[in-house]
Amino acid sequence: MTGAACAFPASEDRGPRGRGRRPRAALARLSARLVRRGTALLALAVAVYTAVEVFSYLATYPDAASRARLAGLQDNPALRMLQGIPHAIDTPGGFVAWDGGWVLVSIVGIWALLTTGRLLRGEEESGRAELVLASPLRADRAVLVQLAVLMCAAAMVGAAVAVVLAAAGTGVRGSILFGLAVAGFAATFVGIAAVTAQTFEVSRRATGAAAALLGLMFVVRVLANSGDSRGWIRWMTPYGWMDELHPYRDPRLQALAVLLVTPVLLGAAAVRLRRARDTGGALLAERDRRPSRARLLSGPTAFAWRTTQGVLIGWVAGVAAYAFVIGATLGTVVDLITNDPTYRRMLRTLGWDAAQATKGYLAIMGTLIGLFLALYACWRVGAARAEEATGRLDNTLSRAVSRRRWLLAHILLTMTAVVLIGVASALALWTGTAIGGAGVGVADAFGSVMNTLPVVVLLTGVAVLLYGAEPRLAVTASIAVAVTTYLVQLLGPTLRWPGWILDTSPFHHLAAVPADPFAALSATVMALLGLALMAAGVAAFERRDLTGA
């Protein structure tokens, strides 16, 4: 509150010539300050991911002969559905756009909708937006300024991708086109989240609706890539626009035009919708006709569960759906890997036994799902931070509730939710393998996912410690740690990184379950270390002052 109040001194706009200009500039500075840390971390993360994709391609496919074999991926239906139709993948830039492009845009899309929801509906829901509107600044103009800041942040993320690709020698023109497309994708979901922020009265519902649209658009893209006759469906989703761009060979600029024009139209719609409603209201305001629901209001633990169960359902559905797709395509991908000599060399580098390729690949996919579990845990600790930032924690602690009890309740809910997501993902993974005919048992599917729980406990401990010591870094820094350590384990062996670097990743100390036996000793050490970090975080939280946003 103090930041918003200080940003708009009453004496700034007394002159008629400057009326409205200084409040807009002050709001732009305030909005930039609220999103700059997350934007910088995201730009760094996507830049590192892009660089790793390029160098991994160059190490795996060093010559024309090895790259020519990639043409066979064109006819693989499983890979087409998951990653899109390959185009120009005999070039480093084309391969990055195909292999890592959908991951990059998914990450920036999620960031865009979460950041937009927090900056628009979240600030309004907390009451801080009223301080901004106390200045001579109309509500729709305020939204326009905030959207401009968010669009600039999306452009920065796209620029980070383009600069890395160009510096890696993939081609300046293709790098710029792909960077613009990533920025346009992020800006599109800024616009979508801005519209849902005007539509729903509660921030979590506005963000949930935008997230549901992102998931639906990915499903539409999978459907479009499942057959040539359904290719026209790609024009119905931003994922499809990315697939249609072809930045590194025969680019289709109409796809880029759609990616750049759509955010403008969505932003204009959001500004117009903001003009049509009152502050604190929404286009779909809830009617207070139902009886009050006292269920799950008996204490801080029950209330924390109630306020996050909707998002948990979304995580369960999303991760389980992805696990199902992995399972359904497992047999096809394993056949591709074992029949390609380049991939067989990679298997030997990773220590795989060719006779256990299915179980080895299952172990890698289980580790990826473990990363998703860790990201959820980091977000869930962020929910505790949100209670503190919005001032709800002050009301809770004014009652007979200790700080320790409150934070331990959030930690318990985090671990419970992680197990629920893990069980649902393991079941979906096994179901997919059964339908796809991969011949994976239930125990192997559960083992590949549950094997990662010690790492999740450790990374949750990191998030809790950060929350106790530096609450503003609790989510962003813990997510950065989780993603970085995963990339170290994923790419380090292939790129022949030194052993001491690999040892910094907790994922490196996991056994490749179900291909290898469960590593009980390292799992126990990581779990105990995670619990110790949680205890240190709780102790630090008890000693510090409560902080606002």
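Values in this document were obtained by computation on a predicted structure and should not be read as measured data. The figures here come from the full heavy-atom set of this structure, side chains too, leaving out hydrogens, waters and symmetry mates. Throughout, numbering of the chain's residues begins at 1 and tracks the sequence.
- His87 places no side-chain N or O within 3.5 Å of a backbone atom of Trp98 that could act as its donor or acceptor partner.
- More than 12 heavy atoms of other residues, nucleotides or ligands shown are found within 6.0 angstrom of CH2 on Trp111.
- Residue Ser425 holds its OG atom at 9.0 Å from CZ of Phe372, rounded to the nearest 0.5 Å.
- Side-chain contact between Arg385 and Arg472 is present, with at least one heavy-atom pair separated by less than 4.5 Å.
- Residues Tyr57 and Glu53 have side chains that never bring a donor and an acceptor to within less than 3.5 angstrom of each other.
- The minimum heavy-atom distance between Ala438 and Thr358, with the atom names listed, is O-CG2, 4.3 Å.
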CA sep, side-chain torsions, deciding dist, call: Phe178, Leu104, side chain to side chain contact (heavy atoms under 4.5 Å, CB included): CA-CA 11 Å; Phe178 186 67; Leu104 278 174; 4.1 Å; yes
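- Residues Val222 and Phe218 meet the side-chain proximity criterion, which asks for heavy atoms closer than 4.5 Å.
- Between Met217 and Pro238, the closest side-chain pair of non-hydrogen atoms falls below 4.5 Å.
- Residues Ile479 and Val483 form a side-chain contact, since some pair of their non-hydrogen atoms from C-beta on lies under 4.5 Å apart.
- The minimum heavy-atom distance linking Asp243 with Gly84 is given by the pair OD2-CA, 4.3 Å.
- At least one donor-acceptor pair under 3.5 Å links the side chain of Thr433 to the backbone N or O of Trp430.
- Scanning all heavy atoms of the two residues, the minimum distance from Pro506 to Val455 falls at O-CG2, 3.7 Å.
- Atoms CE and CG, from Met526 and Leu529 in turn, are 9.5 Å apart once rounded to the nearest 0.5 Å.
- Side-chain atoms of Thr452 come within 3.5 Å of backbone atoms of Val449 as a donor-acceptor pair (strictly under, hydrogens ignored).
- Taking every heavy atom of both residues into account, Pro514 and Asp444 meet most closely at CB-OD1, 3.4 Å.
- Taking the six-membered ring for Trp and the full ring otherwise, the centers of Tyr248 and Phe95 sit at least 6.0 Å from each other.
- In this structure, Leu330 CG and Ile435 CD1 are separated by 13.0 Å, a value rounded to the nearest 0.5 Å.
- Counting only distance, with no hydrogens or angles, the side chain of Thr196 and the backbone of Ala193 share a donor-acceptor pair below 3.5 Å.
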Side chain to side chain contact (heavy atoms under 4.5 Å, CB included) between Ser448 and Leu362, intermediate numbers included: CA-CA 7 Å; Ser448 67; Leu362 188 64; 3.9 Å; yes
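- Within the 4.5 Å cutoff, side-chain heavy atoms of Thr170 are placed close to those of Ser175.
- Between Leu256 and Leu177 the shortest side-chain heavy-atom distance falls below 4.5 Å.
- Listed by chain and number, the residues in a side chain to side chain donor-acceptor pair (under 3.5 Å) with Arg173 amount to none (sequence neighbours excluded).
- Considering CD of Gln489 and CG of Leu510, their distance stands at 8.0 Å, rounded to 0.5 Å.
- With salt bridges taken as basic N to acidic carboxylate O contacts below 4.0 Å, one links Arg249 and Asp90.
- Trp315 meets the side-chain contact (heavy atoms from CB on, under 4.5 Å) test with Val311, Val319, Leu375, Tyr376, Ile421; sequence neighbours excluded.
- Closest approach of Leu245 and Ala181 over heavy atoms only: CD2-CB, 3.4 Å.
- Between the side chain of Thr39 and the backbone N or O of Ala153 there is no donor-acceptor pair closer than 3.5 Å.
- In this structure a side-chain-to-backbone donor-acceptor pair under 3.5 Å is missing from Thr237 to Ile233.
- Across all their heavy atoms, Gly370 and Val456 have their closest contact at O-CG2, 3.7 Å.
- Distance CZ/Arg36 to CE/Met156: 11.5 Å, rounded to 0.5 Å.
- You'll find the side chain of Val381 stays beyond 4.5 Å of the side chain of Val475, heavy atoms only.
- Two residues are said to be in side-chain contact when any heavy atoms from C-beta on lie closer than 4.5 Å; Leu427 and Phe446 meet this criterion.
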Evaluation steps, side chain to side chain contact (heavy atoms under 4.5 Å, CB included), between Thr207 and Leu113: CA-CA 6 Å; Thr207 303; Leu113 63 90; 3.7 Å; yes
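- Between Tyr239 and Phe185, the gap from one ring centroid to the other is short of 6.0 Å.
- More than 12 heavy atoms of other residues, nucleotides or ligands lie within 6.0 Å of CD in Gln254, so this atom counts as buried by the packing criterion.
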Evaluation steps, side chain to side chain contact (heavy atoms under 4.5 Å, CB included), between Asn225 and Arg234: CA-CA 8 Å; Asn225 291 332; Arg234 280 192 289 272; 2.8 Å; yes
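- Atoms CG and SG, on Leu459 and Cys378 in that order, are 6.5 Å from each other to the nearest 0.5 Å.
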